[in-house]
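In the text below, chain A, chain B and the rest are named by the order of the sequence lines, each starting its count at 1.
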There are 2 protein chains.
Amino acid sequence: MDTLPRPGLRERKKRRTRDALVRAALELFTSKGYEGTTVDEIAEAVDVSQRTFFRYFAGKEEAAFAVLEMTEAHFLDLVRERPPHESPLEALRRAVLENWDTLNETIESVIPVELHMRTFQLIESTPALLAVHLRRTAVLEEKLAHLIAEREGLDVDADPRPRVAVAVFSGVMRVTGQRWSTGDDISVESIRTLTTAYLDQVGPALAKGWNVQGKTDGDTA
Amino acid sequence: MDTLPRPGLRERKKRRTRDALVRAALELFTSKGYEGTTVDEIAEAVDVSQRTFFRYFAGKEEAAFAVLEMTEAHFLDLVRERPPHESPLEALRRAVLENWDTLNETIESVIPVELHMRTFQLIESTPALLAVHLRRTAVLEEKLAHLIAEREGLDVDADPRPRVAVAVFSGVMRVTGQRWSTGDDISVESIRTLTTAYLDQVGPALAKGWNVQGKTDGDTA
DNA sequence: GAGGCTAATGGCAGCCACTGACACTTGACG
DNA sequence: CGTCAAGTGTCAGTGGCTGCCATTAGCCTC
């Protein structure tokens, strides 16, 4: 209540309805499965009509990504705040980690962190949602590429390096998310650790002779 | 007619129906748009019932990816055939290029190359199709990671490098496809050239000081 | 080459996601 | 308080997709 004047009753009501819809949707999705949940059920749980649901969300999927969207926006802010002396990949890496560290503050007004983590897992394991997730990620990547290009004073379309760097970073993050979601530790610390571990492997993975160089930790092969 | 004995009339008929459905679907998609085309229209163009369409394809999308699927299978074969002395990224690079070079032989029995290229473009520009495309790519990546791990005699789950290498490669390929599809040159040579150009940028993009090192070609910034 | 088996197909009823149109309710504001 | 607009509910309709059952058409055997 210091940046915005005062929301007004109408706005507050809208926000409450929307948050309730998101909560109900995620709760249902994570318990009965995404396809096993109908829009009517979500609407009924919040006591609004199906039509109203579609006034808040363009589709059933959109409700599933509402919270993720908040964290992505926050991530972009964090990248913007990284000091200019850091290399692109370094800045991205620190921003991601910071994003995990501040996750709770970002989303607590809508849902508890635990439900969000289960949602993340659901997305990775539901083909229809995974597809949308990947497309959304592609959009995010484009924004990131522009940010990085700006940081380095380059033209995104003239110099391929911003997009390539982001593609590399993003590709590794995907592998991380996938591995995390199929493991048994669903905690935030778990994905934080995985993130650093995989990012550290980019250099070695691009080296020519894998077997000769060996990895850092014990490896019997 | 040397590997397989003889398909039998029933099988041939099925194959013809399927190919006809793919052709009709792609023709309609690329001319009227994906969402602007109904399954009934596709079925009617081939003179079968809507129900039959869904016996050949699990969904409307699947018809859009039928040809792409063939090229991906061929690509995997090419990767398998790369000599063991090549580094993972080198093998992947050569396999992709070879795949473009042999594209026509791979798909000519179903549709002309030109229609395939327009389909590719359609996929990249249609959100619903792009989403599915990216998920399919993720599945392909997983197979690739296993192939690479096998090549190098590693365990995919113990060593992160195969997945990371594939993620990097795949990320770059995505940027390539996106750039190609939004350009004006829809030719195969065009995407071939772009492929090599972008893959050559992986090294430079990961370097620390972008501005100091500069790019290889003229750059006024 | 007649008859039986099974795969392939068509037609139909129904579910669900989603949309447009219209009428009704309810904050906002002079 | 009355007007206006934003928000909501209802309903009818479209399109993707599935299950069920009846019908057709290759295939195989005698």
Nearest-nucleotide comparison on DNA chain D, the residue closer to the 5′ end among B:Glu11 and B:Val39:
B:Val39
Hey, which of these two, B:Arg51 or A:Glu61, hits DNA chain C nearer its 5' end, going by closest nucleotide?
B:Arg51
For D:dG7, does OP1 or OP2 lie under 4.0 Å from any side-chain N or O of A:Lys14?
yes
In whole angstroms, the gap separating P of C:dT26 from NZ of A:Lys13 amounts to 7 Å
Write down the distance between CZ (A:Arg16) and P (D:dG7), rounded to a whole number of angstrom.
14 Å
Rounded to whole Å, please give me the gap between CD in A:Glu35 and P in C:dC18.
12 Å
Taking the side chain of A:Arg55 as heavy atoms from C-beta outward, which of C:dT19, D:dG9, D:dC27 is closest to it?
D:dG9
Does OP1 or OP2 of C:dC18 have a side-chain N or O of A:Lys60 closer than 4.0 Å?
no
Just one of B:Glu90, B:Glu98, B:Glu150 clears the salt bridge (charged side-chain N to carboxylate O under 4.0 Å, His left out) bar with B:Arg82, so which one?
B:Glu98
May I have the distance from A:Arg12 (atom CZ) to C:dA28 (atom C1'), rounded to whole angstrom?
13 Å
Measuring to OP1 and OP2 of D:dT8, would you say a side-chain N or O of A:Thr52 lies under 4.0 angstrom away?
no
Rounded off to whole Å, could you give me the CD-to-P distance for the A:Glu62 and C:dA17 pair?
15 Å
Picking from D:dG16, D:dT10, D:dA6, which would you name as closest to the side chain of B:Asp40?
D:dG16
Whole Å only: how far is the CD atom of A:Gln50 from the C1' atom of D:dG9?
11 Å
How are the rings of B:Trp100 and B:Phe120 set relative to one another: parallel (under 30°), tilted (30 to 60°) or perpendicular (over 60°)?
perpendicular
Please determine if a side-chain N or O atom of A:Tyr56 lies less than 4.0 Å away from the OP1 or OP2 oxygen of D:dT8.
yes
How are the rings of A:Phe57 and A:Phe53 set to each other: parallel, tilted or perpendicular (split at 30° and 60°)?
tilted
Report the nucleotide, chosen from C:dA8, D:dC17, C:dA28, that has the shortest atom-to-atom distance to any side-chain atom of B:Phe54.
D:dC17
For A:Arg118, the option from A:Gln121, A:His116, A:Glu114 that meets side-chain hydrogen bond (donor to acceptor under 3.5 Å, both in side chains):
A:Glu114
Where the side chain of B:Ser49 meets the backbone of B:Thr52, is there a donor-acceptor pair that is under 3.5 Å apart?
yes
Provide, to the nearest angstrom, the distance between the CZ atom belonging to B:Phe29 and the C1' atom belonging to D:dG15.
13 Å
Whole angstrom is fine here: how far is it from CD1 in A:Ile42 over to P in C:dA17?
8 Å
